[in-house]
A.B. asks: 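Below is a structure I'd like to ask you about.
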Number of protein chains: 2
Amino acid sequence: MSDLLERLRGRGWRMTAQRRVVAEVLDGDHVHLTADEVHSRAVAKLPEISRATVYNTLGELVSLGEVLEVATDKRAKRYDPNAHRPHHHLVCAQCGAIRDVHPTGNPLADLPDSERFGFSVSGVEVTYRGTCPNCAAA
Amino acid sequence: MSDLLERLRGRGWRMTAQRRVVAEVLDGDHVHLTADEVHSRAVAKLPEISRATVYNTLGELVSLGEVLEVATDKRAKRYDPNAHRPHHHLVCAQCGAIRDVHPTGNPLADLPDSERFGFSVSGVEVTYRGTCPNCAAA
DNA sequence: AGCTGGACTTGGACTCGGTCCATTGTAGGA
DNA sequence: TCCTACAATGGACCGAGTCCAAGTCCAGCT
């Protein structure tokens, strides 16, 4: 996990308590937190950390490619620490829970040239929607 | 196109000038408008229409399944009048333009049971990302 | 055609996620 | 250790969307 911190230092990151804390939070459970959730977990470890710093740090991690932004619903962005193994998402329509999934097949290959309209296509996101066992039980 | 209005009347919709205007706007160009764009186009036809009404009407159209909500970026929801033929989206990372595309293959079939984690999966969205010819030229 | 109830619209206040910015603090190289 | 460029702070601000109380007006009934 300090892999992450190592890598960041290697990229010339100035290592601050705040950044360390944010990185730790993301590295903890492999869940998909909203920025606010990251913030409140960070506050638990470092009470004075500010919302703006969390947003800044998340933004930096995203542009360094260490973390993925996931916009499955339109309420809050979520942050996916699992940026290094390609995967897609399965989202509960009720509670918003997200699981990483690894479908077979390559959707990029399923988009013929005739359907690309001159775009240079660089990536694809697949979001499965459904109801999680918890919500189905309720 | 008045198909749409017919269908709505058939479902017990009270037909008001506002709803007619919103439906007309969506039925016009087959582009993917934000709620605000829908509102400003609606205002052009019916100056006193309020933002809240546009939001209400869009919400109703969505829950009737006549229009699709698309959340490709996290800024504003877009509304897709092409709800009756299944399709996916190709989004320009620069300018946000959206095209409907029809890939071959069925991504739902690509998600094995072992990757469903007890969810009942009801649908899938595929978003291709890239750069449109316009933005590539610029 | 005129009435009337209840559905629809209005607009302004409010929420929520996120961004900005001027100020203050500090990591880390010389 | 000192210096300074980079980072953190927090409070104001923004934009998209929601809520709500009051007013409006569609449509079914006579």
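We name chains A, B, ... by the order of the sequence lines, and we start the count at 1 in each one. Everything quoted here is computed from the prediction, not taken from an experiment.
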A.B. asks: First and last nucleotide of DNA chain D touching chain A, 5' to 3', heavy-atom cut-off 4.0 Å?
C.D. replies: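 Extent of the interface on DNA chain D: D/dA5 to D/dG17.
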A.B. asks: Check whether any side-chain N or O of B/Thr53 sits under 4.0 Å from OP1 or OP2 of C/dT10, and answer yes or no.
C.D. replies: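 Yes, B/Thr53 has a side-chain N/O under 4.0 Å of OP1/OP2 on C/dT10.
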A.B. asks: Tabulate below the donor-acceptor pairs under 3.5 Å that side-chain atoms of residues 51-58 of chain A make, not counting sequence neighbours, or state none.
C.D. replies:
residue, atom, partner, partner atom, Å
A/Thr53, OG1, A/Ser50, OG, 3.2
A/Asn56, ND2, A/Ala52, O, 3.4
A/Thr57, OG1, A/Thr53, O, 2.8

A.B. asks: Between the protein and nucleotides 27-30 of chain C, list every N/O to N/O distance that falls short of 3.5 Å.
C.D. replies:
residue, atom, partner, partner atom, Å
C/dG28, OP1, A/Met15, N, 2.9

A.B. asks: Could you tell me which residues satisfy side chain to side chain donor-acceptor pair (under 3.5 Å) with B/Arg20, sequence neighbours excluded, listed by chain and number?
C.D. replies: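 Side chain to side chain donor-acceptor pair (under 3.5 Å) list for B/Arg20, sorted by chain: empty.
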A.B. asks: Which residues pass the side chain to side chain contact (heavy atoms under 4.5 Å, CB included) test with B/Arg9, sequence neighbours left out?
C.D. replies: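 B/Glu6, B/Met15.
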A.B. asks: Rounding to a whole Å, what distance do you find between B/Arg20:CZ and C/dT9:P?
C.D. replies: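 Going from B/Arg20 (CZ) to C/dT9 (P), I get 11 Å.
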A.B. asks: According to ring pair (Phe, Tyr, Trp, His ring centres under 6.0 Å), who are the partners of B/His89, at least two apart in sequence or on a separate chain?
C.D. replies: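 Testing B/His89 for ring pair (Phe, Tyr, Trp, His ring centres under 6.0 Å), a comparison that skips the adjacent residues, returns B/His32, B/His87.
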A.B. asks: How would you list, by chain and number, every residue that makes a side chain to side chain donor-acceptor pair (under 3.5 Å) with B/Arg85, sequence neighbours excluded?
C.D. replies: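 Expected list: none.
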A.B. asks: Under the rule for side chain to side chain contact (heavy atoms under 4.5 Å, CB included), what residues qualify as partners of A/Pro133, not counting sequence neighbours?
C.D. replies: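 Applying side chain to side chain contact (heavy atoms under 4.5 Å, CB included) to A/Pro133 gives B/Phe119.
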A.B. asks: Using whole Å, report how far CZ of B/Arg19 lies from P of C/dA7.
C.D. replies: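 So the CZ-P distance, B/Arg19 to C/dA7, works out to 11 Å.
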A.B. asks: List the atom pairs, with distances to 0.1 Å, where a side-chain N or O of residues 102-111 of chain B and a protein N or O form a donor-acceptor pair under 3.5 Å, not counting sequence neighbours.
C.D. replies:
residue, atom, partner, partner atom, Å
B/Thr104, OG1, A/Asp110, O, 3.3
B/Asn106, OD1, B/Leu108, N, 3.0

A.B. asks: Would you say CG of A/Asp36 has more than 12 non-hydrogen atoms from neighbouring residues, nucleotides or ligands within 6.0 angstrom?
C.D. replies: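 Count over threshold, so yes.
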A.B. asks: How would you list, by chain and number, every residue that makes a side chain to side chain donor-acceptor pair (under 3.5 Å) with A/Arg129, sequence neighbours excluded?
C.D. replies: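 Partners of A/Arg129 by the side chain to side chain donor-acceptor pair (under 3.5 Å) criterion, ordered by chain and then number, come out as B/Glu125.
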A.B. asks: Applying side chain to side chain donor-acceptor pair (under 3.5 Å), can you list everything that pairs with A/Asn82, at least two apart in sequence or on another chain?
C.D. replies: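 For A/Asn82, the residues satisfying side chain to side chain donor-acceptor pair (under 3.5 Å) (neighbours in sequence not counted) are A/Asp100.
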A.B. asks: For nucleotides 16-18 of chain C, list the nitrogen or oxygen atoms of the protein found under 3.5 Å from its nitrogen or oxygen atoms, one pair per line.
C.D. replies:
residue, atom, partner, partner atom, Å
C/dG18, OP1, A/Lys77, N, 2.8
C/dG18, OP2, A/Tyr55, OH, 3.0
C/dG18, N7, A/Arg51, NH1, 3.2
C/dG18, N7, A/Arg51, NH2, 2.9
C/dG18, O6, A/Arg51, NH2, 3.1

